[in-house]
S.K.: 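Please read through the structure below; I'll follow up with questions.
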2 protein chains.
Amino acid sequence: MNKKNPAIVVFSGGQDSTTCLVWALRNFGEVRAITFDYGQRHKRELGCARKIAKKLSVPLKVIKMDMFSKLTKNALTDRKQAITKQEGGGLPSTFVPGRNHVFLSTVAIYAYQLGIHNLVAGICQTDYSGYPDCRDKFVKSLEKTLSLAMDYEFKIHAPLMFLTKKETVKLMKKLGGIELLKLTNTCYEGGGKACGKCPACELRLKGFSEAGVADPLTYI
Amino acid sequence: MNKKNPAIVVFSGGQDSTTCLVWALRNFGEVRAITFDYGQRHKRELGCARKIAKKLSVPLKVIKMDMFSKLTKNALTDRKQAITKQEGGGLPSTFVPGRNHVFLSTVAIYAYQLGIHNLVAGICQTDYSGYPDCRDKFVKSLEKTLSLAMDYEFKIHAPLMFLTKKETVKLMKKLGGIELLKLTNTCYEGGGKACGKCPACELRLKGFSEAGVADPLTYI
C-alpha cells in the first residue's frame, strides 16, 4: 500500500460511487470514503454504503448535513412567489441545486485536514439532465476554486464523467467488482428486493443488459 | 425600493460585515442577511447580528452549521500525525480552511432558491494572513464555479476587498452608518463592554484613530 498517494471518495452507496470506490482502490494507496446523510429519499443507500465500505475495509465517515432541507424548506414556505419565478421552473420541492458542489467542498476540507490531495466522485456528465454540477467544466472550475480557497492542490477525479451506464458496468467488470453491486440497491420502491420496474431499476438493468453482464442484485 | 435587484449579505455581526450590510442597503433594492452559527468562539456576535438586522429592518436567517467542528475535531482526534504533516503547520485547533468558501456556497444555494443573483461579503484581501479564501482571485474563481454549479449567474460583491481598516471606517462614515458600529462588539475578552486592549480591540481602535473617527463602542 502506497500511503503517499491517498484519496477520498464521495460515496453514496449506489452503483456509480461503488464503481468509483473500487476504481480508487486500484489507483490509490490509501482510500477513505465519505457518505452524506442529507435527508435523501433513499435512506437505504446509507446502509448499502456501510456494508460496502466494511466489505472493502475502507474507513467510512458519515456526515450529517441538514443544510439542504433547511434551505429548501425555507425557500418553499417563506417566499412561494420567488420559487415560481426562478429559472428552470417546475423543480420538485426536494430539488437542491449545488449538491455536488457542497459535497465536494466538504470532502475537500476534510481531505485538507488529513493531508490528502485526491478527491474521487461518481459525477457523470452523461447523466446531466438539469443538474449543472454534473458537468466536466464545473468540476474543473471547482478544482481550481478549492485549490485557491485553501492554497493547497486538489485533484478531482471523476472516472465516470463521460461514460454511459453500459460503459460504467464494463468498467466495474474490468475492475473485478461486479459482485459488489449485489449490495447496491437503489430501487425507488424501497422494498428488500429491487422491483425491476421503477425508473431506477430500468436504467440499471438497461446498462447491465447493454454491457452483456448479469446484474448480481436480487430482483422480485 | 427596487425589488428587481436584490442581494444577500453574509453577515457575522462584526464591524466589516455590518459595513457591508449598510453598503448593500445603499446599493440594492431588497437586502437579506445570513448569519452562520458554526461554533465560533465569539457567540456574542450572533446577538450583535440580530440587533443590527432588526435595527435596519433586514430579514436575517441564522443557519446552524456544525460541519466545521465535526471535521476539525475528527481530524484532530483521529489522525494526529496527518495534522502535523499538513501544509502551513502550527494552525490552531479551531482553524478550519475553506470557511468563506462554504459560507458563500451556502448563501448561493439560498439565493438561487429566492431568485437572487447578488451576494455580498466582507472578505478583505488586506486581512489575508494564512486565510487563502480572503483573496480576490479566490472570490473571482468561486463566482465562476458557483455560476457553473447552478447554471445561474452569481455576482459576488466584496466592497472591502482592498481596503485597510482605516478605509473601512471611512467608508462606513460616508455611508452614514458609524453609529451602528456601537452594536458591533468583537472584543476577545467577551465582557459587556469592550476591553480596549486585546488584539481585536487594538486593531479596531487603530482603524478608527487613523480614520480620525470616534469609535461609538463603549469601552471599559
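Proteins get letters first, then strands, A, B, ... in listed order; numbering begins at 1 in each.
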S.K.: B:Leu142 versus chain A, heavy atoms under 4.5 Å apart: side chain, backbone, both or neither?
M.R.: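 Both backbone and side chain.
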S.K.: Of the non-hydrogen atoms in A:Leu148 and B:Ser141, which two are nearest, and what is the gap between them?
M.R.: CD1-CB, 3.6 Å
S.K.: Using 0.5 Å steps for rounding, measure from the CE atom of B:Met150 to the CZ atom of A:Phe138.
M.R.: 8.5 Å
S.K.: Taking all non-hydrogen atoms of both residues, which atom of A:Ala149 and which atom of B:Pro132 are closest, and how far apart?
M.R.: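 Nearest pair, atom of A:Ala149 first, then B:Pro132: O-CG, 3.3 Å.
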S.K.: Quick one: list whatever passes side chain to side chain contact (heavy atoms under 4.5 Å, CB included) with A:Ala7, sequence neighbours left out.
M.R.: A:Phe28, A:Asn118, A:Val120
S.K.: Compare every heavy atom of A:Gly98 with every heavy atom of B:Ile109, then report the nearest pair and how far apart it is.
M.R.: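 Between these two residues, the closest heavy atoms are CD1-O, 4.2 Å.
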S.K.: Among side-chain atoms of A:Ser105 and B:His101, is any donor-acceptor pair under 3.5 angstrom?
M.R.: yes
S.K.: In chain order, what residues pass the side chain to side chain contact (heavy atoms under 4.5 Å, CB included) check against B:Glu210, with sequence neighbours excluded?
M.R.: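 Per chain and number, B:Glu210 pairs via side chain to side chain contact (heavy atoms under 4.5 Å, CB included) with B:Lys166, B:Lys206.
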S.K.: Please classify the contact between B:Lys140 and chain A as side chain, backbone, both or neither, with a heavy-atom cut-off of under 4.5 Å.
M.R.: neither
S.K.: Which heavy atom of B:Pro97 sits nearest to which heavy atom of A:Gln113, and what is that distance?
M.R.: CD-NE2, 3.5 Å
S.K.: Quick one: OG1 on B:Thr145 to CG on A:Leu146, what's the gap to the nearest 0.5 Å?
M.R.: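 With rounding to 0.5 Å, OG1 (B:Thr145) is 7.5 Å from CG (A:Leu146).
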S.K.: State which residues pass ring-ring contact (aromatic ring centres under 6.0 Å, His included) with A:Phe154; sequence neighbours excluded, sorted by chain then number.
M.R.: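 A:Tyr152.
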S.K.: Which residues from residues 47-55 of chain B are near chain A, with near meaning under 4.5 Å between non-hydrogen atoms?
M.R.: none
